[in-house]
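Take a look at the structure below.
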Amino acid sequence: MTDTAKFIYSDAYSQYDFGATHPFNPVRLRATKSLIDALHLVSDDQLVLPAPATIDDLVRAHHRSYIDMVQHFTNLEDVSNPTLLKRAAAYGLGTEDDPVFPGMHDAARLAVGGTLAAAQVIAQGEAMHALNLAGGLHHAKAAQASGFCIYNDLTVAIHWLREKTQWRIAYIDTDAHHGDGVQQAFYDDPHVLTISFHETGQYLFPGTGSVEETGTGAGQGYALNVPLRPYTDNQSWLECLERIVPAALQHFQPDIIISQHGCDGHYWDPLTDLFATTDFYAKVPALVHQWAHTYAHGRWLATGGGGYEIWRVVPRAWTLLWAEMSDQSLDVNTPLPQSWLDTWQPLSSPPLPTTFFDPPESFPPVAQSFAITQQNRETVDRLKRLIPWL
Ligand SMILES: [Zn+2]
Ligand SMILES: [Zn+2]
């Protein structure tokens, strides 16, 4: 098997759209793909067009009654039908976070199909690495839409891989929010290790992800959580990753790493309080890539996730991710192509950055930085005391 990478993408991804005022804006995927194309980072033979996930795929992770409910919303009358909306509310649908829209089933199952396509190319040995930026919908539960996530592509793909390959799967989540849906799906499963780094649930949705959540039954010890203090910076977050992940992978011996790369922990992200910069979003993929080759036979499936500064942050963060996966030299000093800036600047009120590098002077250090780093260290120490093999 060669060290090749596939980029899973469809223009139809942009149909996953909760409306103009909703923060989860699919234009971020187009802006990212446009930046990747402007830098000539993806070739025709790397591109894979996903097929929508089928009902048989979705039932691996979701109750049939929930899928039926999502399927009800096909046209404009459905989304304003009060009887239907009342029934949908029991499934977390029709809320401010997860409004209903016509065609939501087809839009959501295409995002799942993308992560399944990534799993398939790796399982079949066509590529070592595969990326689905429309995936990473880590909050969706078996019978519940949550946090902008309708179907959980990660849970579906992990179940699919377990069924087809029996691989041991390590899931690493660096979205600013706790990866609660994936954790819940495999909480009692010793074959799936979930590790989530996120802003502490004391201050941020979904409120879970404390150090004490470590799995149950046979899965005891196979769910790891590092809740970070608000205003955590690159250095402290990376230190937490390095103190936990290699030891966990060394012990767990995964056959594949699946990573979720939500970039909503960036300083400029409007929904969270973490202080990462693009330097972090270059270093995390580099670490995960190295870990995949060291601990997981080189197999690495990556997805997108959250990211709500859709012009200044998401395109750069996820282009850095793809460049790393596909072994193309791109560093934080690479300038952004003028053609890309000309296309997207009119849509962003703040001026777009002109390099991948976030100049440190734009991110003044916080006074409590030392205390925050210490508190995160203590959190990692607590986790290490709870899990003897860490
Ligand atoms: Zn590689
Ligand atoms: Zn998030």
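Whatever order the structure lists ligands and atoms in, that order sets their numbers, starting from 1.
- Checking each of His289, His129, Gln290 against Glu324 for a side chain to side chain donor-acceptor pair (under 3.5 Å) leaves exactly one that passes, namely His289.
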Residues Thr216, Asp188; criterion side chain to side chain contact (heavy atoms under 4.5 Å, CB included); working and verdict: CA-CA 5 Å; Thr216 188; Asp188 60 358; 3.8 Å; yes
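- Residues Asp98 and Gly92 share a closest heavy-atom pair of CB-O, 3.6 Å.
- With the Zn ion (ligand 2) at the apex, Asp264 OD2 and Asp175 OD1 define an angle of roughly 110° (rounded to 10 degrees).
- A donor-acceptor distance shorter than 3.5 angstrom exists from the side chain of Tyr16 to the backbone of Ile150, with no hydrogens or angles considered.
- The hydrophobic cluster containing Val366, built from Ile/Leu/Val/Met/Phe/Trp/Tyr side-chain heavy atoms closer than 4.5 Å, also comprises Tyr231, Tyr267, Trp268, Phe275, Val313, Phe363, Ile372.
- Within the protein, the number of N/O/S atoms found under 2.8 Å from the Zn ion (ligand 1) is 5.
- When the Zn ion (ligand 2) is compared with the N/O/S atoms of His177, atom ND1 turns out nearest.
- Salt bridge status for Asp381 with Arg385: absent, with no side-chain N to carboxylate O gap under 4.0 Å.
- The Zn ion (ligand 2) has no N, O or S atom of His138 under 2.8 Å away, backbone or side chain.
- Contact check for Asp78 versus Asn75: side-chain heavy atoms found under the 4.5 Å cut-off.
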